[in-house]
Amino acid sequence: QVQLVESGGGLVQAGGSLRLSCAASGNILSIIAMGWYRWYRQVLGKQRELVATFARGGVTDYADSVKGRFTVSRDNAKNTAYLQMNSLKPEDTAIYYCNYETTSHVKYWGQGTRVTVSS
């Protein structure tokens, strides 16, 4: 009932920046109730890890590895979440996924967007 589409990935040099977007569509009642946006990333052959969370009430949380460099935000009018990534490192190279949890606690995943950071 909710579809997520990530965009904004690409190739960037170390020290550069990217902004990922996660646009939600579908069940407007689930979307406008405002749930939780989360960003994950996964390296090939590795476990998916939680990178950042934008929770209800605007509370944000970040993994230690990205704290101070990444910022998560939300534009309610556009039903879109963002992950601003600054001071990128080669270790940040991964596929990044958006996850949205509705207020009914149903979770949806995007298909992922690739981020490659060159040294």
Side-chain angles (χ1 to χ4, degrees):
Q1 290 185 317
V2 176
Q3 295 81 45
L4 303 176
V5 179
E6 300 103 329
S7 61
L11 174 65
V12 66
Q13 296 180 359
S17 299
L18 286 173
R19 188 177 73 164
L20 306 184
S21 299
C22 175
S25 62
N27 189 315
I28 61 171
L29 293 179
S30 296
I31 296 170
I32 67 176
M34 293 184 288
W36 300 260
Y37 280 98
R38 298 180 177 90
W39 288 95
Y40 293 79
R41 67 186 181 187
Q42 186 171 28
V43 178
L44 183 64
K46 305 293 184 181
Q47 289 288 320
R48 187 175 299 179
E49 64 173 339
L50 178 63
V51 174
T53 300
F54 191 101
R56 300 188 74 191
V59 177
T60 59
D61 193 27
Y62 303 91
D64 289 340
S65 58
V66 306
K67 196 169 297 182
R69 300 187 297 118
F70 290 11
T71 302
V72 66
S73 61
R74 177 175 182 171
D75 186 336
N76 293 329
K78 297 181 178 179
N79 297 318
T80 300
Y82 302 95
L83 183 66
Q84 178 67 46
M85 306 185 295
N86 299 324
S87 301
L88 283 163
K89 305 174 181 179
E91 302 87 82
D92 296 318
T93 296
I95 300 176
Y96 285 72
Y97 297 89
C98 178
N99 174 275
Y100 181 73
E101 180 179 354
T102 71
T103 54
S104 299
H105 302 291
V106 178
K107 296 180 180 179
Y108 299 89
W109 290 91
Q111 65 181 19
T113 184
R114 293 180 180 271
V115 172
T116 303
V117 184
S118 62
S119 59

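Note that the coordinates shown come from a computational prediction; the quantities given were computed from them, not determined experimentally.
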### Message
Would a single hydrophobic cluster contain both Val66 and Val117, if residues Ile, Leu, Val, Met, Phe, Trp and Tyr are joined by side-chain heavy-atom contacts under 4.5 Å?
### Response
yes
### Query
Taking atom OG1 of Thr93 and atom CG of Leu44, what is their separation to the nearest 0.5 Å?
12.5 Å
### Query
What closest approach, in Å, do Gly112 and Ile95 show between heavy atoms, and which atom pair accounts for it?
CA-CG2, 4.0 Å
### Message
Quick check for you: to the nearest 0.5 Å, what is the distance between Arg114 atom CZ and Tyr96 atom OH?
### Response
13.0 Å
### CZ (Arg48) with more than 12 external heavy atoms under 6.0 Å
yes
### Task
State, yes or no, whether a side-chain contact exists between Leu20 and Glu6 at a heavy-atom distance under 4.5 Å.
no
### Task
Please report the shortest heavy-atom distance between Gly9 and Val115, naming the atom on each side.
CA-CG2, 4.2 Å
### Partner set under salt bridge (Lys or Arg N to Asp or Glu O under 4.0 Å) for Glu101, not counting sequence neighbours
Arg38
### Summary
Ser17 meets the side-chain hydrogen bond (donor to acceptor under 3.5 Å, both in side chains) criterion, sequence neighbours left out, with Asn86
### Residue pair Asp92 / Arg41, side-chain heavy-atom distance below 4.5 Å
yes
#### Entry: side-chain hydrogen bond (donor to acceptor under 3.5 Å, both in side chains) involving Gln3 - partner list, sequence neighbours excluded
none
### Task
Say whether Tyr97 and Tyr82 are linked into one hydrophobic cluster, either directly or through other cluster members, by side-chain heavy-atom distances under 4.5 angstrom.
no
### Message
Can you list everything that forms a side-chain hydrogen bond (donor to acceptor under 3.5 Å, both in side chains) with Glu91? Sequence neighbours excluded, please.
### Response
none
### Contact summary for Thr80 and Ser21, nearest pair of heavy atoms
CG2-CB, 4.2 Å
### Message
So for atom CD, which belongs to Gln111, do other residues, nucleotides or ligands contribute more than 12 heavy atoms lying within a distance under 6.0 Å?
### Response
no
#### Entry: Closest approach of Val72 to Ala52 (non-hydrogen atoms, all atoms of both residues)
CB-CB, 4.2 Å
### Message
Lys67: which residues meet the side-chain hydrogen bond (donor to acceptor under 3.5 Å, both in side chains) condition with it, sequence neighbours left out?
### Response
Asp64
### Query
Can you list every pair that meets ring-ring contact (aromatic ring centres under 6.0 Å, His included) and has a residue in residues 36-77, with sequence neighbours left out?
Trp36-His105, Tyr37-Tyr100, Tyr40-Trp109
### Message
Can a donor-acceptor pair be found, under 3.5 Å and without considering hydrogens, that links the side chain of Thr102 to the backbone of Ser104?
### Response
yes
### Query
Roughly how far, to the nearest 0.5 Å, is CD of Gln13 from OG of Ser119?
10.0 Å
